[in-house]
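Reviewing the structure listed below.
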Number of protein chains: 2
Amino acid sequence: MAVFDYEQVSKLAPAVAREQRDRSPCSACSVRGMTICAPLDSQELTQISAIMSSVELGAGAPLFDEGEQAGNVFNVTSGTIKVYKLLPDGRRQVTGFLFPGDFLGLARQETYAFSAEAVTLSLLCRFPRHKLEALMQRLPKIEQRLLSIASNELVAAQEQMLLLGRKTAREKTASFLLMLSKRSRQRGQAGDPVTVPMSRTDIGDYLGLTTETVSRTFTQLKQEGTIKLLPNHQVSLARRDVLEEIAGGF
Amino acid sequence: MAVFDYEQVSKLAPAVAREQRDRSPCSACSVRGMTICAPLDSQELTQISAIMSSVELGAGAPLFDEGEQAGNVFNVTSGTIKVYKLLPDGRRQVTGFLFPGDFLGLARQETYAFSAEAVTLSLLCRFPRHKLEALMQRLPKIEQRLLSIASNELVAAQEQMLLLGRKTAREKTASFLLMLSKRSRQRGQAGDPVTVPMSRTDIGDYLGLTTETVSRTFTQLKQEGTIKLLPNHQVSLARRDVLEEIAGGF
DNA sequence: CGAGGCGTTGATCGTGGTCAAGCGCAGTGG
DNA sequence: CCACTGCGCTTGACCACGATCAACGCCTCG
């Protein structure tokens, strides 16, 4: 009942479900090696944890909306977040999925350029932007780390543009599964039976396709024996080599 | 004869046509306010100009190719550059056009993630990466500026993903023209009869369309009276309001 | 046990791609 | 000086990939 209760809360009181100002949880952080905290020593970790608070979001709970005052930046520590933009008539483009270790909220402007929402139950570290900026003055390592993160995201964004502009539905889908698998491995999890926590609609909005086309393409790949659809949002990349061939250089 | 001669050179000896190690041309730089040099005082400009050299590219001349060792970063001072990625079978996605003031080559990895090529006769400032990084240690302002540039590019990349994944040919084309106009104004040039220096093929590869579709859409917009096609790669946005309505919130 | 959300599948449609031809213009050589 | 060549742009006819519209099965949740 307790769990259920709080999921209710996360839906009703949007943005932030539960938060606490932990003293120094960073030392036990399982994804520290991949976040902005990676280059910091234990003394510096204390400094950054002093300005940090943690946030828990239930599945479907919004983190922030496009156009909102950009007061915080975040680090995902568990769960999956989706980031998207909308057209006035409701058409949606998911510009990215974020997993543990990923950074979120880099926006040099005053407002967020996109919306963010939890796909599954998620935990994040939250840093007030002005405090982080003040800290950056003293710890330039953080700034360097942010630049490095931004550069990597830029490379990924260009790859995604290639996918959206020039790949077929089949190629997009294969690329997507390989991307999930690669990122799963990067954070030390299994690369083969890969977890696909997001809905067909979310996948479609990420790949520039409709749910129906995504579903059909999955079925097609399954019937060829290239992938296997398992229970609990798991997909086995039975023939990774074929998938890579279809994806076309990813 | 001299001018003609050197255009020959730029086509035959690809990458770099002409270069010189000017002493301090930065003080006269017309686009300094929008580049990485913007936050520097005159003494710091001397330092950065010491590691800089300038590059001139003829129309169509490549600057670097995807996968190449990423030894330099660049600043465009005049002309137009296109940046693109290729699929193994030759399909191409132009991920961006660069104009005077734009920065190029940010790649935290060892190799370039994309190719770059001159659309028109262009001039660039070139900075060896390792030297710029060394300079960044002493002038953290540069690093901040780079982070700011990267953040802005990231926002633009997300906007482009929305365009590629979710807009129609008509919407894409309208958005493209408005983007050109906006950027032209940003660097202090006319916003209305806007210069469109790139070919229909380049536009198509940027918008995820074919040349034929781009051409047809231009014709359609022209016949409606929304735009006017003028000589010398000029396009008049006769009905900017209509264009903005078509573009759908850009 | 009923309701609603998500995923799958089928039938049909339409936007934009493909294939092809022709035009205009610039550069080239006779 | 002017045909010839080649490229970029346009236009037309046709096609196909993925969208749209619709129905249904399955599972979860109430």
Side-chain angles (χ1 to χ4, degrees), chain A residues 1 3-5 7-8 11 58-60 82 87 89-93 119-121 163-174 176 196-223 227-235 246, chain B residues 1 3-5 7-8 11 58-60 82 87 89-93 119-120 163-174 176 196-223 227 229-235 246:
Chain A
M1 192 59 179
V3 170
F4 171 66
D5 220 311
E7 279 206 314
Q8 277 296 80
K11 287 212 172 167
K82 71 181 174 211
L87 284 171
D89 66 358
R91 278 174 288 171
R92 194 169 57 143
Q93 179 65 40
V119 172
T120 64
L121 174 61
L163 178 147
L164 289 168
R166 288 305 183 206
K167 290 189 180 181
T168 65
R170 197 173 153 79
E171 292 166 343
K172 286 175 175 180
T173 308
F176 173 69
V196 183
M198 62 292 285
S199 71
R200 296 289 184 261
T201 303
D202 286 342
I203 299 173
D205 285 346
Y206 180 64
L207 300 177
L209 301 170
T210 58
T211 33
E212 293 95 327
T213 299
V214 173
S215 182
R216 274 186 250 271
T217 310
F218 270 80
T219 314
Q220 190 196 13
L221 291 171
K222 183 184 72 181
Q223 283 171 347
I227 61 170
K228 286 197 177 63
L229 300 180
L230 312 174
N232 279 96
H233 299 277
Q234 299 271 103
V235 177
I246 296 169
Chain B
M1 191 58 180
V3 171
F4 173 67
D5 220 312
E7 278 206 313
Q8 279 293 82
K11 288 214 172 167
K82 72 182 173 210
L87 284 172
D89 66 358
R91 277 174 290 173
R92 194 170 58 143
Q93 179 65 39
V119 172
T120 65
L163 178 147
L164 289 169
R166 289 304 183 208
K167 290 190 178 177
T168 65
R170 197 173 153 78
E171 292 166 344
K172 285 175 176 180
T173 307
F176 174 69
V196 183
M198 61 293 285
S199 71
R200 297 289 184 263
T201 303
D202 286 344
I203 300 174
D205 285 347
Y206 180 62
L207 300 177
L209 301 170
T210 58
T211 32
E212 292 96 328
T213 300
V214 173
S215 181
R216 274 187 251 270
T217 310
F218 269 80
T219 310
Q220 189 195 14
L221 291 172
K222 183 185 70 182
Q223 284 171 348
I227 62 171
L229 300 181
L230 311 174
N232 278 97
H233 299 278
Q234 298 271 103
V235 176
I246 295 169

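Here is how names work: the chains are called A, B, and so on, in the same order as the sequence lines, proteins then strands, and each is numbered from 1.
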Item to check | Contact check, side chains of B:T201 and B:R92, non-hydrogen atoms, under 4.5 Å | outcome: yes
Less than 4.5 Å apart, any side-chain heavy atom of A:L221 and any of A:I246?
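Yes; the side chains approach each other to less than 4.5 Å.
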Using whole Å, report how far [atom1] of [X] lies from [atom2] of [N].
X	N	atom1	atom2	answer
A:L163	D:dG18	CG	P	12 Å
A:I227	C:dT8	CD1	P	10 Å
B:R91	C:dG17	CZ	P	13 Å
A:N232	D:dC27	CG	P	13 Å
A:K222	C:dT8	NZ	P	7 Å
A:R200	C:dT9	CZ	C1'	14 Å
B:Q220	D:dT10	CD	P	13 Å
B:D202	D:dC9	CG	C1'	13 Å

For [Y], is there any backbone N or O sitting under 3.5 Å from a side-chain donor or acceptor partner on [X]?
X	Y	result
B:S215	B:T211	no
B:Q93	B:Y206	yes
A:K82	A:V119	no
A:T213	A:L209	no

Which heavy atom in B:F218 sits nearest to a heavy atom in B:T173, and how many Å separate them?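 Answer, listing the atom of B:F218 first, then B:T173: CE1-CG2, 3.8 Å.
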Heavy-atom neighbours of B:D89 CG exceed 12 at 6.0 Å: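 Yes - once you tally the heavy atoms of other residues, nucleotides and ligands closer than 6.0 Å, there are more than 12.
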Under 4.0 Å between a side-chain nitrogen and a carboxylate oxygen: does that hold for B:R91 and B:D205?
no
Subject >> Under-3.5 Å donor-acceptor pair between B:R216 side chain and C:dT18 base >> reply: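 Per atom types, the contact qualifies.
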Where each residue is assigned the nucleotide of DNA chain C containing its nearest heavy atom, which of A:T213 and B:A169 is assigned the position nearer the 5′ end?
->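 Of the two residues, A:T213 wins.
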Side-chain atoms of A:T168 come closest, of D:dC9, C:dG7, D:dG18, to D:dG18
Counting side-chain heavy atoms from C-beta on, which of D:dA19, D:dT10, C:dT9 comes nearest to A:T219?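 Of D:dA19, D:dT10, C:dT9, C:dT9 is nearest to the side chain of A:T219.
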message = Short of 4.0 Å, heavy atom to strand atom, which residues of residues 204-212 of chain B count as contacting DNA chain D?
response =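 Within this stretch, B:E212 sit under 4.0 Å of the strand.
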For nucleotides 21-25 of chain C, print each protein N/O atom paired with a nucleotide N/O atom at under 3.5 Å, atom names and distance only.
none

